[in-house]
Amino acid sequence: MIQDIYPLHLDNQYKNASPKDDDTIFCFAGSTVLAKEIGENELYFPQYSEFKAGIVTNNAVDNVDNTENTDKYSYIYLFSLVEKKDSYPQNRGVDIVDNVDKSSIDKDSSIYDSENVRVVKRFFLAFKNNIVLKGDFFGELADTDVHKEYKSSLEGFDYYGVYNFRTQKDRALAYATITAYHLYGWYRDNKFCGRCGKLLERDVKERMMKCPVCGNSIYPKISPAVIVAITNKDKILLTKYAGRTYTNYALVAGFTEIGETMEDTVRREVMEEVGIKVKNIRYYKSQPWGLSGSQLSGYFCELDGDDDKIKLQEEELSVGTWVAAKDIEVTPDNVALTREMILKFRDDVLNN
């Protein structure tokens, strides 16, 4: 899955740090990110030195560090990609090393957090000040297009739909991109205190927005959700979303409600979306999914009883169908929990 980037690790502990010239900058607009295409399925994100010297088209110089633009951007530390030399958990039998573009690792780096950890790359968010940022947060509405409606501040760079992360060769960078997108949405949507309405301030010790007036503390929003593989002997229930960019087969999925266990979420979402009862609910794996600001938990379960008739919730799904394991034509993508669960079911049936 996309978070499997061994031997690298995403160190997401907050630091009150300022960017250096060779740090990577993520600059988002709506569901797009500023980048340059340098090859097939390869996006390059600007370094801080490049971002500082950014030029807007229209023949007008717009250096973000000049006098007129001193307060145009804030730079917020996001996280670092680090290489843990020792004591890092084994890859649990999954060949993840091939997912990492080793050419992106700075072999001459002399930045160490400890004797056994080397910082490969630091990432910062370039955040526009004093404006209300608009755009959809949920990445399912994103695409892979170049969006000329957003004016690039760097010559040679454009705004690409964040959905490009699915096909990027450098899997560690793809994981960093959607995690940064999650944090961008949180920072964008939390400018004012929900208790007293005053302007929030960024805390210097932890990743938190704090109200200087009433003391309200706001931490990053992470929404728990389930992915559900419903099986019926040698068949699995596959779905397709209604009105979304992603058009491949998926599984029943949904967010957990207040006061609800994950298992109850499985039962409710299955009943709501496809109208059937399930039993033998078993936890499989979890996955952070920054596109929707979620923490996904995958579950397998079985049809309860003989009634396998699907009653589709059409405002959520366009397709719901039972598919035999031998008829599943899905290839691994090393990205999504959904794809892995479908392939696990197929392989378990066909190999037993």
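The distance from the CD1 atom of Ile227 to the OG atom of Ser294 is 8.5 Å, given to the nearest 0.5 Å.
Counting heavy atoms from C-beta outward, Leu8 and Val82 have side chains that stay 4.5 Å or more apart. By the 4.5 Å heavy-atom criterion applied to side chains, Asp158 and Tyr150 are not counted as neighbours. Side chains of Leu10 and Thr179 form a contact here, defined as non-hydrogen atoms less than 4.5 Å apart. Two residues are said to be in side-chain contact when any heavy atoms from C-beta on lie closer than 4.5 Å; Asn16 and Tyr14 meet this criterion. A heavy-atom distance below 4.5 Å is not found between the side chains of Glu263 and Tyr283. Side-chain contact check for Thr239 versus Val252: some heavy-atom pair is nearer than 4.5 Å. Considering only heavy atoms from C-beta on, Arg202 comes within 4.5 Å of Tyr187 through its side chain. The side-chain heavy atoms of Phe157 and Phe45, taken from C-beta on, include no pair separated by under 4.5 Å.
Remark: Lys20 fails to qualify as a cation-pi partner of Tyr48 under the 6.0 Å distance and 45° angle criteria applied to the six-membered ring.
A salt bridge links Asp348 to Lys344: one of the charged nitrogens lies within less than 4.0 Å of a carboxylate oxygen. Under 4.0 Å is where a charged nitrogen must lie from a carboxylate oxygen, and between Asp21 and Lys52 at least one such pair does. Glu201 has no carboxylate O lying under 4.0 Å from a charged side-chain N of Lys210, or vice versa, which leaves the two without a salt bridge.
For Phe124, the ring pair (Phe, Tyr, Trp, His ring centres under 6.0 Å) partners are Tyr77, not counting sequence neighbours. Every ring pair (Phe, Tyr, Trp, His ring centres under 6.0 Å) that Phe300 has, sequence neighbours left out, goes to Tyr284.
Heavy atoms of other residues, nucleotides or ligands lying less than 6.0 angstrom from CG of Asn351 number more than 12. No more than 12 heavy atoms of other residues, nucleotides or ligands sit less than 6.0 Å from atom NZ of Lys233. The number of heavy atoms from other shown groups lying within 6.0 Å of NZ (Lys191) is above 12. No more than 12 heavy atoms of other residues, nucleotides or ligands sit less than 6.0 Å from atom CD of Glu314. At most 12 heavy atoms of other shown residues, nucleotides or ligands fall within 6.0 angstrom of atom CD in Glu329.
Taking all atoms of both residues into account, the shortest heavy-atom contact from Arg282 to Cys301 is NH1-CA, 4.3 Å. Closest non-hydrogen pair, Asp22 versus Lys121, comes out as O-NZ, 3.0 Å. Looking at every heavy atom in both residues, Asp307 comes nearest to Ile276 through O-CG2, 4.2 Å. Annotation for Glu273 and Ala253: closest pair OE2-O, 2.7 Å, computed over non-hydrogen atoms. Summarising the geometry of Leu81 relative to Ala172, their closest heavy-atom pair is CD1-CB, 4.0 Å, with the distance given to 0.1 Å. Nearest heavy-atom pair, Val228 versus Leu251, reported as atom, atom and distance to 0.1 Å: O-CB, 3.3 Å.
Remark: side-chain polar atoms of His182 are not paired, donor with acceptor, to backbone N or O of Pro220 under 3.5 angstrom. Asp327 contributes no side-chain N or O that, together with a main-chain N or O of Val323, makes up a donor-acceptor pair within less than 3.5 Å. At least one donor-acceptor pair closer than 3.5 Å links the side chain of Asn164 to the backbone N or O of Gly161. Remark: side-chain polar atoms of Arg346 are not paired, donor with acceptor, to backbone N or O of Lys326 under 3.5 angstrom. Formation of a donor-acceptor pair under 3.5 Å by the Trp322 side chain with backbone atoms of Asp308 is found in this model. Between the Tyr160 side chain and the Tyr163 main chain, no donor and acceptor come within less than 3.5 Å of each other. With Asn232 contributing its side chain and Lys235 its backbone, the two residues share no donor-acceptor pair below 3.5 Å. Proximity of a side-chain donor or acceptor of Arg207 to a complementary backbone N or O of Lys15 within less than 3.5 Å is not detected. A side-chain donor-acceptor contact under 3.5 Å links Gln287 to the backbone of Val335. Although no hydrogens or angles enter the test, the distance criterion places a donor-acceptor pair under 3.5 Å between the side chain of Ser152 and the main chain of Leu154.
Aromatic ring centres of Phe165 and Trp289: separated by under 6.0 Å. Taking the six-membered ring where the residue is Trp, the centroids of Tyr73 and Phe127 are separated by 6.0 Å or more. Here Tyr184 and Phe26 keep their ring centres 6.0 angstrom or further from each other.
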(Q) Using side chain to side chain contact (heavy atoms under 4.5 Å, CB included), reason through Leu200 and Phe192 one step at a time and then give a plain yes or no. (A) CA-CA 5 Å; Leu200 295 171; Phe192 300 96; 5.5 Å; no

**Q.** Stepwise salt bridge (Lys or Arg N to Asp or Glu O under 4.0 Å) check, Arg166 with Asp333
**A.** CA-CA 8 Å; Arg166 277 188 172 272; Asp333 65 358; 3.7 Å; yes

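In summary, of the residues considered (Thr338, Leu337, Leu343), a side-chain contact (heavy atoms from CB on, under 4.5 Å) with Met341 occurs for Leu337 alone.
Residues Glu206 and Tyr219 bring a donor and an acceptor atom of their side chains to less than 3.5 Å of each other. In summary, the side chains of Gln168 and Tyr175 do not present any donor paired with an acceptor at a separation below 3.5 Å, with no hydrogens or angles considered.
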